[in-house]
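Given the structure is predicted, the values throughout are model-derived calculations rather than measurements. Scope of the values below: all heavy atoms of this structure, side chains included, with no hydrogens, waters or symmetry mates. FYI, the numbering just counts along the sequence from 1.
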Amino acid sequence: MRLRDKKTETSMKRLLLLWYPEFLVFVLSACFFGLLWMLEIKTDIQPHAFYVRDVVGNRVPLPANFLYYLMVYFFSFAQVESWQHLCFASAVVLGFSVAAKFAITRRLFSWGLGGHRGFSPLAGGCRVYLLSLLFSLALLIAFSLPMRLFYAEGYFYLGQIPPNVWHNSTTIFLMPFALLLFWNSYLQINDPSNMKRIYVLAILSALNIFVKPSFIFAFVAVYPLYMFTKTLKKSTVRLFMANMAPVFLAGILTVLMYLLIYSFSFGTINVVHVGKSGVGIRPFLVWQRFSPNILLSVVLSVLFPAAYILLRPQERRELLLRYAWALYAVAMLIFILFDETGPRAFHGNFFWQTVVCSYTLFFSTCLRLGKNIQATGWRDWKNLLLLLCLGAHIISGMVYLPSIVLRQTFL
């Protein structure tokens, strides 16, 4: 009987270590999103929730990127006429999304730092567990440094490229799906002969598009190039083409999404604005509107990842970092070049992929930093300097989150 009790106690402790941090993140995140709603702080959360009500009432069409709205409808228990139910549903879905991103990040850290193929934060030992937990918590709140430190007319958020946002529902919901697509595509580039993972990439690509097609823009531009150079060494066109199946699927779905949104107006634009939007090429138009100094905005956004490359130039050849930087560069290029024409020209809807790619860049850099800490220890001066840079992003996030509530704005 005592042996059974000890086994039960051990199982409970293991369960707490496995999922207690995620549960805590879920509760705190859901409460935060609920607070934003209750205090009537203007974000995208409320309009997206009310759009669900309008879809159910046949006042607007179902959006092309429908998955987030479907989840809000499900967790509102179909009571979409009640703002309390919509508030609860939004808080639960977004809280779960943040917790899922944290859970995936923590397990990928454990995987990367522990050198094992399992997907458990306990598999790498105590040191790996603590490093994974600390870095995952850091990435949960890391933010770009505020322009207001240098310009009075600068914003805390707008104009910068943070690795996290807290006001755009669909981007928050997208993050765990995009992170999984990023990691699995990196693994596939490492091992192009893994045919099973191609199906995983296809499913993840479709899910990304059905939530928000932002990250797919960067993915379909960068992944084929890395896969081509990898399969080129094997001198086989067939292997390359097989690995392009997720890209072809993503391309077809993206074109359909474009037609639905811009040709048939299947989107939230019709709730607020009258008139159709299109896509234009006007470099820096949107960014210049919100940043008084674009070059400084870049520095404030990527201080930690840029410092890592400068201090450890030999790691520029590391595939994970090269892939993350390439995605980030393409995401930035899309934001710089493209904008929407029409009534939501300055809504910045070609911006969101930069947030996702910023997070994957911060994640990849933290993973490499964790490996260096394992190898050379905490007292290595480069590690300490990089931790200070990361700490600046963390402090910025710790200031930004309560400032949303205190200033009643996310700007």
[X] versus [Y]: any side-chain heavy-atom pair under 4.5 Å?
{"X": "I189", "Y": "Y223", "value": "yes"}
{"X": "L35", "Y": "V405", "value": "yes"}
{"X": "V72", "Y": "Y51", "value": "no"}
{"X": "F362", "Y": "T365", "value": "no"}
{"X": "C366", "Y": "L139", "value": "yes"}
{"X": "I404", "Y": "F32", "value": "yes"}
{"X": "V298", "Y": "I161", "value": "no"}
{"X": "K212", "Y": "M175", "value": "no"}

Out of curiosity, [X] [atom1] to [Y] [atom2], how far, rounded to the nearest 0.5 Å?
{"X": "L180", "Y": "S185", "atom1": "CG", "atom2": "OG", "value": "10.5 Å"}
{"X": "I216", "Y": "F177", "atom1": "CD1", "atom2": "CZ", "value": "12.5 Å"}
{"X": "M398", "Y": "I141", "atom1": "CE", "atom2": "CD1", "value": "5.5 Å"}
{"X": "L390", "Y": "L134", "atom1": "CG", "atom2": "CG", "value": "10.5 Å"}
{"X": "Y308", "Y": "L321", "atom1": "OH", "atom2": "CG", "value": "6.0 Å"}
{"X": "N383", "Y": "W378", "atom1": "CG", "atom2": "CH2", "value": "8.5 Å"}

Apply side-chain contact (heavy atoms from CB on, under 4.5 Å) to residues V52 and S76 and explain how you reach the verdict.
CA-CA 10 Å; V52 176; S76 70; 5.6 Å; no

Would you say the side-chain atoms of T354 pair up with the backbone N or O of F351, donor to acceptor, closer than 3.5 Å?
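Pair found, side chain donor or acceptor close to backbone of F351.
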
For the side chain of R106 and the backbone of S132, is there at least one donor-acceptor N/O pair under 3.5 Å apart?
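It does not hold such a pair.
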
Write down the atom of [X], the atom of [Y], and the distance for their closest heavy-atom approach.
{"X": "F335", "Y": "Q353", "value": "N-NE2, 3.6 Å"}
{"X": "L145", "Y": "A392", "value": "CD2-O, 3.4 Å"}
{"X": "W325", "Y": "A306", "value": "CZ2-N, 3.9 Å"}
{"X": "C357", "Y": "L327", "value": "SG-O, 3.6 Å"}
{"X": "L300", "Y": "P146", "value": "CD1-O, 3.9 Å"}
{"X": "I41", "Y": "Q46", "value": "O-NE2, 2.9 Å"}

Set out, in order, the CA-CA distance, both residues' side-chain angles and the distance that settles ring pair (Phe, Tyr, Trp, His ring centres under 6.0 Å) for W352 and H167, then state yes or no.
CA-CA 12 Å; W352 302 115; H167 68 284; 5.8 Å; yes

Pair K371, E318 - check salt bridge (charged side-chain N to carboxylate O under 4.0 Å, His left out), show working.
CA-CA 12 Å; K371 285 181 175 290; E318 178 65 34; over 6 Å; no

Show your reasoning for whether ring pair (Phe, Tyr, Trp, His ring centres under 6.0 Å) applies to F338 and W287.
CA-CA 11 Å; F338 297 100; W287 204 348; over 10 Å; no

Could you tell me whether [X] atom [atom1] has more than 12 heavy atoms of other residues or ligands within 6.0 Å of it?
{"X": "F88", "atom1": "CZ", "result": "no"}
{"X": "F66", "atom1": "CZ", "result": "yes"}
{"X": "K382", "atom1": "NZ", "result": "yes"}
{"X": "E153", "atom1": "CD", "result": "yes"}

Quick one: sort the Y226 and Y323 rings into parallel, tilted or perpendicular, breaks at 30° and 60°.
perpendicular

Relative to each other, are the rings of F182 and Y186 parallel, tilted or perpendicular (30° and 60° limits)?
parallel

Could you please spell out the steps behind the ring pair (Phe, Tyr, Trp, His ring centres under 6.0 Å) verdict for W166 and F410?
CA-CA 8 Å; W166 299 91; F410 62 86; over 10 Å; no

For residues [X] and [Y], is any side-chain donor paired with an opposing acceptor at under 3.5 Å?
{"X": "K230", "Y": "N190", "value": "no"}
{"X": "T170", "Y": "N168", "value": "yes"}
{"X": "N164", "Y": "Y359", "value": "no"}

As a test of understanding, state which of S301, S297, S396 forms a side-chain hydrogen bond (donor to acceptor under 3.5 Å, both in side chains) with Q160.
S297

Only one of N243, L187, N184, V247 forms a side-chain contact (heavy atoms from CB on, under 4.5 Å) with L201, so which one is it?
N184

Ring of W183, cation from R197 - is the NZ or CZ under 6.0 Å from the centre and inside 45° of the axis?
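No.
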
Aromatic ring centroids of F143 and H393 under 6.0 Å?
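No, they do not, as the ring centres are separated by 6.0 Å or more.
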
Could you check Q188 against N194 for side-chain contact (heavy atoms from CB on, under 4.5 Å), going step by step and ending with a plain yes or no?
CA-CA 7 Å; Q188 190 65 15; N194 190 323; 3.7 Å; yes

Y73 and F77: ring pair (Phe, Tyr, Trp, His ring centres under 6.0 Å), yes or no, with the steps?
CA-CA 7 Å; Y73 174 77; F77 308 108; over 10 Å; no

Which residues pass the salt bridge (charged side-chain N to carboxylate O under 4.0 Å, His left out) test with R53, sequence neighbours left out?
none

Donor-acceptor contacts, no H, no angles, side chain residues 90-97, under 3.5 Å, sequence neighbours left out:
residue : atom : partner : partner atom : Å
S90     : OG   : L86     : O            : 2.8
S97     : OG   : V93     : O            : 2.8

Show your working on side-chain contact (heavy atoms from CB on, under 4.5 Å) between F109 and V128 and close with a plain yes or no.
CA-CA 8 Å; F109 266 114; V128 170; over 6 Å; no

side-chain contact (heavy atoms from CB on, under 4.5 Å) for V98 and I172? Distances and angles first, verdict last.
CA-CA 7 Å; V98 174; I172 297 167; 3.9 Å; yes

I'd like to know if D380 pairs up with R312 as an ion pair, taking the criterion as any Lys NZ or Arg NE/NH1/NH2 lying under 4.0 Å from an Asp or Glu carboxylate oxygen.
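Yes, charged N to carboxylate O under 4.0 Å.
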
